[in-house]
Structures are given as structure tokens and as C-alpha cells.
There are 2 protein chains.
Amino acid sequence: MKPEGRKQEIIQAAAILFKEKGYSAVTMRDLAKAMGIKAASLYNHIQSKQEILSTIIIDLAEEFTYGMGQIVSSDEGAIRKLENIISLHIDVTLRNADGLASLNNDWMHLEEENLLYFEKMRQDYEENFRNIVTKGTVAGEVKPYNIEIMVFSTLSTLRTLYLWYPKQNNIDAAILKKDMISVLLKGVI
Amino acid sequence: MKPEGRKQEIIQAAAILFKEKGYSAVTMRDLAKAMGIKAASLYNHIQSKQEILSTIIIDLAEEFTYGMGQIVSSDEGAIRKLENIISLHIDVTLRNADGLASLNNDWMHLEEENLLYFEKMRQDYEENFRNIVTKGTVAGEVKPYNIEIMVFSTLSTLRTLYLWYPKQNNIDAAILKKDMISVLLKGVI
DNA sequence: GTCTATAGTATGATAGAC
DNA sequence: GTCTATCATACTATAGAC
């Protein structure tokens, strides 16, 4: 197998360890042991521990940025856009739940360039989310509650999906989407 | 000032640093610098870095355990109990937002005894939450959606309040409670 | 592509002076 | 109650053999 394949294996193993203990608490020896090799050998495939973290986080952040771009530029209504955001988070979570732990909890350990790039993407994402909700309230599609609270409460649930989903026993993606849309948008009472 | 007062100052300073970088990434030298003393001096007030973490987390976990006990043993209906849980989380968040970061993200760095104690409290808390929602659906007070999704979506928002609340400009606690109850229970559309 | 050996630095914590 | 000095250990990363 080509070196790139091995690199991806290392990144995947690292994502699992980072999810369990956090970036700072995982040593290159831990990661090497998980791969069945010695720590020094890792450096034939990756440049640094930092490179592993930034690959995990930036790839995911770009995925969300792309997905949000598609949703924003569509000509759907606010509610349909919110449903599509929920669907986006569920899709990404099913594909890479481990990596999302780093995106949520270890982004602050990114270094200068990537840290700024990440923070910009996250800020833009939240801004787009807020705009959709605001337009929804103006159009009368969304209840006139406090915008910040609506954005925060929805987004915090979507961002934490990665912790919850793996504990469910192979819940079907389509059913999950349907139920999550009901609970997040229509409430529980 | 008595030694206990100084100890509390250290724990408070540590909570802020743990919130910013996580337990593992904060060194005793970082903490000492924040306190304006040398690392060795910290050990006249605390026994270990681990003691700081367990104090922060266990105190908060016991606070939630006590609050949930009060709510469960009351004879209110399911909806009123859910409102009281939301109120409990907001009260604790306003009082100790920094410590909640450790409770949420660094509990896995607790050592044997305290780790088991914490995990037991968290499991019991979730179980109580689930029972309230389940009884609510049976009584027809709560919509018959997937229980796990309703519990998860509400709890994930409440657990993440510590990240969001400090960014709001002195939002009034009473208004926050009212709006949060509306959004979490009645939905946004 | 993996290994052993090791450089250079950082860590949590202790001993003992003031 | 804080300091300086230090211990023992652990960390990321590199050099060079196989």
C-alpha cells in the first residue's frame, strides 16, 4: 500500500485516541502502540503531531464550510435550510465521528496559520446559521424567540452528536434525521 | 487570609486555564504564573495537580446530583420538572461557568476512585432525566418522539451553556431561563 | 518502513533555605 | 508562604543502522 494509505491509518488511529483523552494527553508513543510500531517510525509518514491534528480538523471544517455554502446558495426557505443543516451534521457525524471530537475540543491546539483559518471558517459558519434563522423569523417561518438562543441550542446539539451517535445501536440515518428535525425544530412538548 | 482561601484562588485560576487549554495542556508552571508565584509554591496549598481537577469536577457533579434529587422527589408534572432542570443548569452555569469546562471535557483524567464516583453520578443523572421524559410521554405531556433523542438534544444544549453564556452581554438569568425553556421545550418553528 | 539510540526540552513534584 | 535548586521521568523529534 502506498505511503498515503499508511498516513490515513495513522490519522484515523490518532482521531480515536484524541477522542478518548484529548490531543495533549495522547503521546506519540500511545499512537505508535495503537499502530503496532515504534514512535520513531511514525515520522516516516507524518511530519509532526501537529500535522495530524490540523489534518483532522481542517478537513472537517472545510467539509462543513462547503456544505453550508451549498445550503446558503440554494433557494429553499428557512425551515428547509435548517433541515439541510441538520442533515449535513448527521452525514458528517456518521462518516467521521472520531474526528469531530478534535474539531470540537482540540481546535485551540492548532498553530498560528491553521488556527486563524479554522476560526474564520467557524465564525462564517455561525454567521450563516444566524442569518438563516433571522430571515426565518422575518418571513414568519420561525418563532420570534431570541436568535442567539435558537442558534446556540440547535448548534450545540448538532456539534455534540459525535458523542451520542456511537452509543446508539446502528440507528438508521434516515430515521435519525427525521426524528432530530422534529425534536430540534418542533420541540418536545 | 487562611490557607483555604488561597487554595480556592488556585482552584479558580486553574479552572480558567483548564477551560482555555484543557487539563493536560496546562502545566503547574502556567498555573503558578497566573497566580504570580513559582510552581513549587503551589504545593503548600494543594497536594497535586490531580487534586485540583477532582475538586473542580466532583464539587460540581455533587451539585447537579443534589439538584436533580430535589427535582425528582418533588410532586410536579414532567414539564415542570424539565423546566426545573433547565433552571438548575442555568444557575450552576452562572455561578461556575469555568469549572463546567473541566466537568464536560476533562472528567476522563480523573483517577480511579473519583473517576468511578463521577461516572456513577453522571449515569444516575441521565437516568433520572430519561425517566422524567418517559413518564411525560406516558402522561401525554411530552410528544411521543424518540426518548433518547429528546434527552440527548436537551442535555447537550444545557451542558454546553458554559461556552455560550459568557459571550452574551450580561443577559438576565430570569429572561435566559424563560427563553431557554421556550426554545428547548416548544421548538423554534 | 521499522528499528535502536539519543538529543534537547518540559513535566509534576520534593528538599531545604529564608 | 515563597523561593531556588533539583530529581526522576516523559515528551517530540532526529540520526543512522538494517
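What you see is a predicted model; the values in this text were computed from it and never measured. Numbered from 1 within each chain, the chains take letters A, B, ... in sequence-line order.
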Original post:
Taking the side chain as C-beta and beyond, is there a heavy-atom pair between I147(B) and V151(B) under 4.5 Å?
Top reply: yes

Atom pair distance, as rounded to whole Å: [atom1] in [X] and [atom2] in [N]:
X	N	atom1	atom2	value
I46(A)	dT12(D)	CD1	P	10 Å
E111(B)	dG12(C)	CD	P	13 Å
L42(A)	dT4(C)	CG	P	14 Å
E4(B)	dG1(D)	CD	C1'	15 Å
K49(A)	dC11(D)	NZ	P	9 Å
K21(A)	dC11(D)	NZ	C1'	13 Å
Y23(A)	dC11(D)	OH	C1'	12 Å
K33(B)	dC3(D)	NZ	C1'	16 Å

Subject >> E141(B) with R80(B): basic N within carboxylate O range, under 4.0 Å >> reply: no

Subject >> Under-4.0 Å salt bridge between E113(A) and K120(A) >> reply: no

Subject >> Under 4.0 angstrom between Y43(A) side-chain N/O and dT14(D) OP1 or OP2 >> reply: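 So the side-chain polar atoms of Y43(A) never come under 4.0 Å of the phosphate oxygens OP1 or OP2 of dT14(D).
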
Original post:
Counting only side-chain N and O atoms of S41(B), is one of them less than 4.0 Å from OP1 or OP2 of dG1(D)?
Top reply: no

**OP:** Using the ring-ring contact (aromatic ring centres under 6.0 Å, His included) rule, pick out the option among Y162(B), Y125(B), W164(B) that qualifies with H89(B).
**Re:**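 The single option meeting the ring-ring contact (aromatic ring centres under 6.0 Å, His included) with H89(B) is Y125(B).
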
Original post:
Pick the nucleotide of DNA chain D nearest each of T27(A) and I37(B); which residue has the one closer to the 5' end?
Top reply: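 Its nucleotide being nearer the 5' end, the pick is I37(B).
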
**OP:** Could you pick out which residue, R29(A) or A39(A), lies toward the 5' side of DNA chain C when each is mapped onto its nearest nucleotide?
**Re:** A39(A)

Subject >> Of the listed nucleotides dA13(D), dT4(C), dG1(D), the one nearest the side chain of A40(A) >> reply: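 When the side chain of A40(A) is considered, dT4(C) is the closest of dA13(D), dT4(C), dG1(D).
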
